Amino acid sequence: MDERQLRILRELGDLGSVSAVAEALHVTPSAISQQLRLLQRSIPVPLTERAGRRVVLTDAGQALAAAAIEVETALARARHTVTDFADQPDGVVSVAAFHSAASAFFPLLLRGLAGPDRPRPALADEDVAQDRFPALTRDYDLVLAHRLDHAPPWPRTVASATLLREPLDVALPAGHPLASKPLLSPRDVADQPWITVHDGFPLMATIEAIASVANRRLEIVHRINEFAVVAEAVAAGGGIALMPRWTARAHPDVVLRPLSGVHARRHIDVLHRPERTARSAVRTVLTELHHAATQIQGRDV
């Protein structure tokens, strides 16, 4: 039995004939009869009987019709509850981000959402390999993920929007000989010791592209994912690194220089399951993330 069949049974008890029910529900009498037959198959006792030319409810049918009122009432209450939840402007919205995006976006998000009748963000850091970001949308309303400029798009199982297309620069100690050059090529940096991310993380593809263009294997001396730690290692002379231009915090003893000859840019995208944006609060946070991205990119102006 389903909600529609129970409603037909209830209307039959109220209106007294199949034709009257069909007219009230804007369907044909044969459609009403078919639904009554389907309902009867799931019930072990007769629900209707003939009274002359009319079909009327038996005692069992009347009892089930009365129960149908309770079912419709409960379903209507459930729908109103869901609608209220979807329209609630100050609901909790969970947001996950990888470390450098969290550092740049989370403070702006908290400030932008401060005040009454605003969504309450529940923030989490998730530093995962690129192919694991879509799975995070099971646990969070919104997920900030990164991929390289030329990488394949995210799977169709998630909705996505690009917040930033962020250049990746070469990070050097302030006193490094290459720091005097305004633009670096793969050949300039190929013979340097490198600090890179772990395998499986997006920046590794750019490191590999540098090696390919320079036609030599890079010397990787350290593997560190957190850019704040990378900056400290670069400043201490531990090697050079690729760092994002806008989302990594500036270090007084580190300079960034643009890189030519390879695609050195990453997308920062926001991922979510399509149904999440049925909630007003989630849509508000999504808009605020785009505002934050504009502020972050504006720091380069």
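Excluded from the calculations below are hydrogen atoms, water molecules and symmetry mates; all remaining heavy atoms, backbone and side chain alike, are included. No experiment lies behind these values; they were computed from the predicted model shown.
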Quick one, L36 with Q5, criterion side chain to side chain contact (heavy atoms under 4.5 Å, CB included). Give me CA distance, side-chain angles, the key distance, then yes/no. CA-CA 7 Å; L36 287 172; Q5 293 166 354; over 6 Å; no
Do S280 and Q88 have side chains that approach each other closer than 4.5 Å (heavy atoms only, starting at C-beta)? no
Side-chain heavy-atom pair D141, V95 within 4.5 angstrom cut-off: no
Is there a salt bridge (charged side-chain N to carboxylate O under 4.0 Å, His left out) between R118 and E288? Walk through the geometry before answering. CA-CA 11 Å; R118 299 285 280 167; E288 198 62 41; 3.2 Å; yes
Taking the six-membered ring for Trp, are the ring centroids of F227 and H99 within less than 6.0 Å of each other? no
Ignoring hydrogens, what is the shortest heavy-atom contact between V285 and P119? Give both atom names and the distance. CG2-CB, 3.7 Å
Above 12 or not: heavy atoms from other molecules or residues under 6.0 Å from CZ of R111? no
Mind checking whether P134 and V158 have side chains closer than 4.5 Å, heavy atoms only? yes
Considering residues, nucleotides and ligands other than D191, do more than 12 of their heavy atoms fall under 6.0 Å from its CG? yes
Output, in order, the C-alpha distance, side-chain angles, deciding distance and verdict of side chain to side chain contact (heavy atoms under 4.5 Å, CB included) for V93 and Y140. CA-CA 8 Å; V93 177; Y140 300 98; over 6 Å; no
For a quick check under 3.5 Å, do D149 and H267 share a side-chain donor-acceptor pair by atom type? yes
Quick check: does any side chain N or O of T58 sit under 3.5 Å from a backbone N or O of P46, one acting as donor and the other as acceptor? yes
Modelled atom types, side-chain donor and acceptor of T247 and E166, under 3.5 Å: yes
Closer than 3.5 angstrom, by distance alone: can the side chain of D90 be matched with the main-chain N or O of R120 as a donor-acceptor pair? no
Quick one: which of V170, L256, L172, L203 gives a side-chain contact (heavy atoms from CB on, under 4.5 Å) with M243? L256
Indicate yes or no: at least one non-hydrogen side-chain atom of F98 is less than 4.5 angstrom from one of E226. no
Atom pair NE2 (H272) and CG (L144), whose distance is rounded to the nearest 0.5 Å: 11.5 Å
May I ask whether I43 and I69 are part of the same hydrophobic cluster, defined by side-chain heavy atoms of I, L, V, M, F, W, Y residues being less than 4.5 angstrom apart, directly or through others? no
Counting C-beta onward and ignoring hydrogens, is there a side-chain heavy-atom pair between V21 and D14 closer than 4.5 Å? no
Hey, is the main chain of A24 close enough, under 3.5 Å, to the side chain of E11 for a donor-acceptor pair? no
Quick check, are the ring centers of H146 and F133 under 6.0 angstrom apart? yes
Any I224 side-chain heavy atom under 4.5 Å of V197 side chain: no
Where W194 and I210 come nearest, the two heavy atoms and their spacing: CH2-CD1, 4.0 Å
Atom CD1 in I268, atom CH2 in W246: separation rounded to 0.5 Å? 9.0 Å
Distance from L164 atom CG to D269 atom CG, nearest 0.5 Å? 9.5 Å
Calculate, to the nearest 0.5 Å, the distance between atoms OG and CD1 belonging to S212 and I207 respectively. 13.0 Å
Please determine whether a side-chain nitrogen of the Lys or Arg among K181 and D188 lies less than 4.0 Å from a carboxylate oxygen of the Asp or Glu. yes
Spatial distance of atom OG (S160) from atom CZ (R147) [nearest 0.5 Å]: 7.0 Å
Neighbour count >12 (heavy atoms, 6.0 Å) for atom CD, E23: no
Please report the shortest heavy-atom distance between V234 and A241, naming the atom on each side. CG2-CB, 4.0 Å
List the steps and the verdict of side chain to side chain contact (heavy atoms under 4.5 Å, CB included) for R132 and E126. CA-CA 10 Å; R132 291 181 57 199; E126 289 280 2; 5.9 Å; no
L110 and V270: same hydrophobic cluster, using ILVMFWY side-chain contacts below 4.5 Å? yes
For E3, is there an ion pair with R7 - N to carboxylate O distance below 4.0 angstrom? no
I'd like to know if the side chain of R283 and the backbone of T277 have a donor-acceptor N/O pair within less than 3.5 Å. yes
Can you name the one residue among V56, L39, L12 that meets side-chain contact (heavy atoms from CB on, under 4.5 Å) with T48? L12
Apply side chain to side chain contact (heavy atoms under 4.5 Å, CB included) to residues W154 and Q130 and explain how you reach the verdict. CA-CA 10 Å; W154 301 107; Q130 181 175 331; 3.9 Å; yes
Is it true that the side chains of R266 and S100 contain a donor and an acceptor less than 3.5 Å apart? yes
What are the two closest non-hydrogen atoms of A235 and D253, and how far apart are they? CB-CB, 3.9 Å
Should V92 and L109 be counted in the same cluster of Ile, Leu, Val, Met, Phe, Trp and Tyr side chains packed under 4.5 Å apart? no
Please lay out, stage by stage, how D169 and R245 fare under the test salt bridge (charged side-chain N to carboxylate O under 4.0 Å, His left out). CA-CA 6 Å; D169 295 328; R245 184 175 299 175; 2.8 Å; yes
Gap between atom CG of L113 and atom NE2 of H291 - 0.5 Å precision: 11.0 Å
Quick one: do I240 and V221 end up in the same hydrophobic cluster if we chain Ile, Leu, Val, Met, Phe, Trp and Tyr together by side-chain heavy atoms under 4.5 Å apart? no
Applying a strict under-4.5 Å side-chain criterion to I, L, V, M, F, W and Y, I'd like to know whether L64 and L25 cluster together. yes
Closest contact, heavy atoms only, V45 versus A60: CG2-CB, 3.6 Å
Which heavy atom of A174 sits nearest to which heavy atom of A179, and what is that distance? O-CB, 3.7 Å
Are side-chain heavy atoms of V262 and P186 found at a separation under 4.5 Å? yes
I want to check something: taking the side chain as every heavy atom from C-beta on, are L183 and R257 in contact at a cut-off of under 4.5 Å? no
Donor-acceptor pair, distance only, cut-off 3.5 Å: does the side chain of R50 make one with the backbone of R53? yes
Does CZ belonging to R223 count more than 12 external heavy atoms closer than 6.0 Å? yes
Verify the neighbour count for atom NE2 of H290: are there more than 12 heavy atoms of other residues, nucleotides or ligands below 6.0 Å? yes
